[in-house]
There are 2 protein chains.
Amino acid sequence: MNFQRRKQKILDQLNSTGEVDIKKLAAELNISEITSRRDLNQLANDGLLYRTHGGAMKVDPLAKPHDFVNKSAQNSTVKDDICRKAAEHIIDGDIIFMDCGSTVFRLCQFIKNKKIKVITNSLPVIYELQNSAVSINIIGGELNSERQAVHGKMANEHISKYRAGKAFLGVDGISENGLFANSELEAEITQAYINQSTYTYVLCDAGKIGNETYLKFADINQVEAIITNAGDDKLDRFKDTALTIL
Amino acid sequence: MNFQRRKQKILDQLNSTGEVDIKKLAAELNISEITSRRDLNQLANDGLLYRTHGGAMKVDPLAKPHDFVNKSAQNSTVKDDICRKAAEHIIDGDIIFMDCGSTVFRLCQFIKNKKIKVITNSLPVIYELQNSAVSINIIGGELNSERQAVHGKMANEHISKYRAGKAFLGVDGISENGLFANSELEAEITQAYINQSTYTYVLCDAGKIGNETYLKFADINQVEAIITNAGDDKLDRFKDTALTIL
DNA sequence: TCAATTATGATTATTTTTGAACAAATAAGC
DNA sequence: GCTTATTTGTTCAAAAATAATCATAATTGA
């Protein structure tokens with residue numbers, strides 16, 4: 001029994017039982033304990049298992065935290081309504097920013113056939129638009145795998161090199177006092193998009209309006225329009241602002 | 001019993017039992033051990049089996065039990081062999097560049113469990129590594145949808161802001177005269193990676209060696225090592241270079 | 001036929017693999 | 001806290017497999 005074959009057996013057992021024991025392994029494979037220990041060390045070195053005292057464990061099955069598609073299915077008709085309205089403001093030749101919220105993501109389906117350039121930091125947006133009429137620019141930097149988007153200093157710098165006519169942004173909250181986010185990283189990105197676009201649309205469902213959550217990152221007069229499904233009662237609060245409501 | 005006939009028998013046995021043993025092989029085929037060893041080495045050189053101490057195994061079963069996308073089955077075992085070798089040079093804590101060739105893509109499966117940072121302009125690499133132990137940095141810029149990779153001026157600038165210990169690159173051709181590419185855009189990106197990495201590995205199968213195609217974009221002494229399955233006959237041409245051959 | 005190439009085998013040195021012994025580090029029990 | 005048992009890392013040696021070298025047999029092509 002050579003190492004390669006043992007390696008297979010060890011990984012097989014690890015896959016089914018989740019852990020292996022040095023002593024048992026030595027007995028089962030008919031090798032000395034030190035050899036089985038060496039096997040495990042080598043496999044651990046290749047990142048194929050976690051070494052423990054007296055044995056080894058499976059590597060974390062990589063808990064998939066965030067399924068973007070599922071999240072984006074929630075409230076889909078409301079979001080789709082908002083996005084359909086937003087798409088009416090996008091015409092061939094436009095250069096637009098799209099950020100990484102689940103609402104903005106749903107805008108993709110309505111712009112696939114438009115001859116526009118999309119600049120985005122959102123991986124789902126990129127996937128969705130990949131084989132379409134849209135030309136894509138990707139914001140570079142550190143990938144936040146949970147949010148499936150690029151964030152951080154490098155991303156902000158990168159955005160500042162682009163300039164677009166329109167930006168389509170999602171927020172976690174909005175009121176007459178400004179825009180709010182749950183995450184500092186996303187707030188910075190959104191702010192960067194605002195700075196570099198001529199006209200900024202905020203896409204938000206009724207639940208976001210009046211929700212002054214965690215971090216205020218921009219004044220309300222920094223954006224030009226909101227696109228929403230909210231009724232007039234909720235939108236009253238914006239009557240003293242220059243905001244266009246769509 | 002000539003070599004062709006033995007070769008067939010060896011492969012038959014390998015297919016049915018999954019492994020062969022030098023001693024048994026010598027006895028069964030009535031040849032010396034050294035001859036059966038030579039047979040196995042030749043077959044291994046052709047990528048038809050995986051050589052082990054004392055025998056050989058089928059090529060496939062060594063691949064990780066993990067999911068892996070078998071996109072281009074062509075030459076996949078050869079490419080996997082190359083990538084397996086490459087992965088041995090990547091250790092936890094490394095920061096590496098990966099470019100956008102199909103060979104380099106296959107490296108993903110072997111590094112999923114490593115705690116490293118990957119900087120890449122290749123969308124397939126990003127997808128493949130997205131929910132893994134690997135931390136990802138995306139090179140920003142214009143997406144070339146045909147190649148599923150980011151290219152262009154912005155991408156080159158972006159790369160120049162990073163610095164990595166190792167780069168793993170694919171080429172369309174390589175010889176003692178330098179590195180060759182079929183595309184100007186890819187050549188620029190590859191050159192940028194070379195400039196910003198301390199140690200550069202070129203992954204190439206035997207077919208790429210001596211292929212002086214279209215565009216020469218770098219001298220051979222700009223890279224430190226090539227990882228290949230090619231035999232010594234093909235590698236002779238590098239004997240006057242400082243190249244490390246792995 | 002004869003030289004040249006190729007395939008095979010034998011010999012030796014080198015490398016790889018494995019196991020044993022023992023000190024150091026770690027976990028477990030009191 | 002302390003002691004004890006287990007596990008581990010290190011060093012060394014033996015065994016197996018391999019690579020390298022050379023010699024011999026088979027095959028090829030003029």
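Numbers restart at 1 for each chain; the letters A, B, ... are given by sequence-line order, proteins then strands.
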Under 4.0 Å protein heavy-atom contact, by nucleotide of nucleotides 11-26 of chain C - B base, S sugar-phosphate only: -----SSBBBB----S
Check against side chain to side chain contact (heavy atoms under 4.5 Å, CB included), B:F105 and B:V125: CA-CA 6 Å; B:F105 169 72; B:V125 168; 4.3 Å; yes
Would you give me the side-chain donor-acceptor pairs under 3.5 Å for residues 20-30 of chain A, sequence neighbours excluded?
unit_1, atom_1, unit_2, atom_2, d
A:D21, OD2, A:K23, N, 3.0
A:D21, OD2, A:K24, N, 3.1

ring-ring contact (aromatic ring centres under 6.0 Å, His included) pairs, two or more places apart, involving residues 15-45 of chain B: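 Residue pairs with at least one partner in residues 15-45 of chain B: there are none.
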No-hydrogen, no-angle side-chain donor-acceptor test under 3.5 Å, [X] and [Y]:
| X | Y | result |
| --- | --- | --- |
| B:Y162 | B:N137 | yes |
| B:S145 | A:N131 | no |
| A:D12 | A:Q8 | no |

Inter-residue atom distance B:K166.NZ - B:M98.CE, 0.5 Å rounding: 13.5 Å
Bounds of contact between DNA chain D and chain B, in 5' to 3' order, using a heavy-atom cut-off under 4.0 Å: D:dA17 to D:dA20
Salt bridge A:E157-A:K153, side-chain N to carboxylate O under 4.0 Å: yes
Non-neighbouring partners of A:E188 that pass salt bridge (Lys or Arg N to Asp or Glu O under 4.0 Å), sequence neighbours left out: none
Ring geometry between B:Y201 and B:H89 (parallel below 30°, tilted from 30 to 60°, perpendicular above 60°): tilted
Degree of bending, the helix from C:dT1-D:dA30 to C:dC30-D:dG1 (end axes from five pairs; round to 10°):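 End-to-end axis angle for the helix from C:dT1-D:dA30 to C:dC30-D:dG1: 40°, rounded to 10°.
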